[in-house]
Structures are given as structure tokens and as C-alpha cells.
Amino acid sequence: MQFPHHHLLLLVLALATTTPLLPAHALPAPNNTGTSTPPPAAPVCTSGGFTIPTATDTGKAVLTNWTGAAGRCGGLGGGAAVAGSTTGTSDQIAGLLDSCGGLTRAWIASWNSDTYGGNPLYTMKRTDGVAGAGVYVDLTGAMEIAVVCAKW
């Protein structure tokens, strides 16, 4: 639908007169009722016997390369070490990755007790909608990712 130019001008004038623009200093003050928005919930980085180390100031997972993974777990105390994953714990660890800030991968020590020659192993949450996580090798061990720890 086309409007004659004089109708468009009238429409613009009508909008301009019914919607005044105020300078920022003339705007009403925000409604300060003394209530505040609660901070977002801290990620949950513990599930059963598994823990992902977190930063004390943010509660977010601490990222490390493979060389630093054992130290991160040892820092938890109580004999904590890099956790192994199994077919029986894969879903639990995938859930832990989710609840700990939506992580997608983390270092693990073994898969079904196999360390694959001591190579750096990590678990990665499945992205195809199926529960669980896959296990992969990072030959360099250089990725900066979280680590799953367990107390033995």
C-alpha cells in the first residue's frame, strides 16, 4: 500500500508529538525498592565421589593442561587424584560437566581402568543428544580444560 507523501508527513508529525524524547537527565529515576537481584547460583562441581576443582573467588572450574591436572586434584586434599571413568560412571561425569558451568570436556586418568599407555585422556560430553561422554586422547596434553578428580 502506498501513501501520498503528505500522509507520511502527518504520520511522522503525529508520532513526534505523541512520543516526546527526553534528555537523559529528565528521565525518571529507577525504582529503587531496596530489593536486589540475587547473584546467579554457583556451579555445582561435585557429584558423588567426583569433584572438579574450582576457583575460590568465582566458583568456576579451574582449567589446566594435562601436566597440571594431578596437582589440581592433589590440591583438594584427602588423597584426591585424577579420576578414572568407566561405562558405569560416564553418565554421572557427563552430568557433572553440565552442572559445573556447562563444561564440555575434562581430563580423566583412565577409561575402564585402561590408561592407554599413560597418554593424556579426556572425556567429552556427547553433543548428539545421547547421555554419556566419549573418551579421547590429546597427544600433546596442552589443552586447557577442567579435570575430574576423585578421592580413592
Side-chain angles (χ1 to χ4, degrees), residues 1 11-12 15-16 18-152:
M1 173 164 40
L11 177 63
V12 169
L15 287 173
T18 60
T19 313
L21 297 176
L22 299 174
H25 68 276
L27 293 174
N31 181 7
N32 292 326
T33 61
T35 60
S36 62
T37 304
V44 177
C45 298
T46 300
S47 175
F50 298 110
T51 299
I52 294 175
T54 57
T56 54
D57 59 339
T58 64
K60 292 183 180 180
V62 176
L63 306 182
T64 185
N65 59 27
W66 175 250
T67 305
R72 290 287 178 195
C73 291
L76 295 174
V82 179
S85 183
T86 66
T87 52
T89 62
S90 176
D91 288 350
Q92 182 182 6
I93 290 175
L96 176 60
L97 293 175
D98 267 342
S99 69
C100 191
L103 300 171
T104 57
R105 59 186 89 181
W107 296 115
I108 58 171
S110 62
W111 172 249
N112 288 331
S113 300
D114 189 342
T115 64
Y116 291 85
N119 284 305
L121 298 178
Y122 67 97
T123 185
M124 187 164 71
K125 205 169 86 57
R126 293 182 63 151
T127 59
D128 57 4
V130 177
V135 176
Y136 304 89
V137 175
D138 174 25
L139 293 176
T140 67
M143 285 192 307
E144 294 283 325
I145 59 176
V147 57
V148 179
C149 306
K151 294 186 180 183
W152 304 109

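Numbers here simply count residues along the sequence, with the first being 1.
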Decide yes or no for [X] and [Y]: does some side-chain heavy atom of the first lie under 4.5 Å from some side-chain heavy atom of the second?
{"X": "I108", "Y": "V135", "result": "yes"}
{"X": "M143", "Y": "W107", "result": "yes"}
{"X": "F50", "Y": "T89", "result": "yes"}
{"X": "L97", "Y": "R105", "result": "no"}
{"X": "C149", "Y": "I52", "result": "no"}
{"X": "T64", "Y": "I145", "result": "no"}

For residues [X] and [Y], report the shortest heavy-atom separation together with the two atoms involved.
{"X": "A109", "Y": "L121", "result": "O-CD1, 3.8 Å"}
{"X": "T54", "Y": "V62", "result": "C-CG2, 3.4 Å"}
{"X": "L103", "Y": "A61", "result": "CD1-CB, 3.8 Å"}

- Task: Hey, could you give me the NZ/SG distance between K60 and C45, rounded to the nearest 0.5 Å?
- Result: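 Reported value, rounded in 0.5 Å steps: 11.0 Å.
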
- Message: Rounded at 0.5 Å granularity, tell me how far OG in S47 sits from CD1 in I93.
- Response: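 Reported to 0.5 Å precision, the distance equals 9.0 Å.
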
Checking the side chain of [X] only, and the main-chain atoms of [Y] only, is there a donor and an acceptor separated by less than 3.5 Å?
{"X": "S90", "Y": "A133", "result": "yes"}
{"X": "D91", "Y": "G95", "result": "no"}
{"X": "T86", "Y": "G88", "result": "yes"}
{"X": "T51", "Y": "P53", "result": "no"}
{"X": "T123", "Y": "G134", "result": "yes"}
{"X": "D114", "Y": "W111", "result": "no"}
{"X": "N119", "Y": "D138", "result": "no"}

- Working for side-chain contact (heavy atoms from CB on, under 4.5 Å), residues W66 and T140: CA-CA 9 Å; W66 175 250; T140 67; over 6 Å; no

- Evaluation steps, side-chain contact (heavy atoms from CB on, under 4.5 Å), between V147 and C73: CA-CA 8 Å; V147 57; C73 291; 3.8 Å; yes

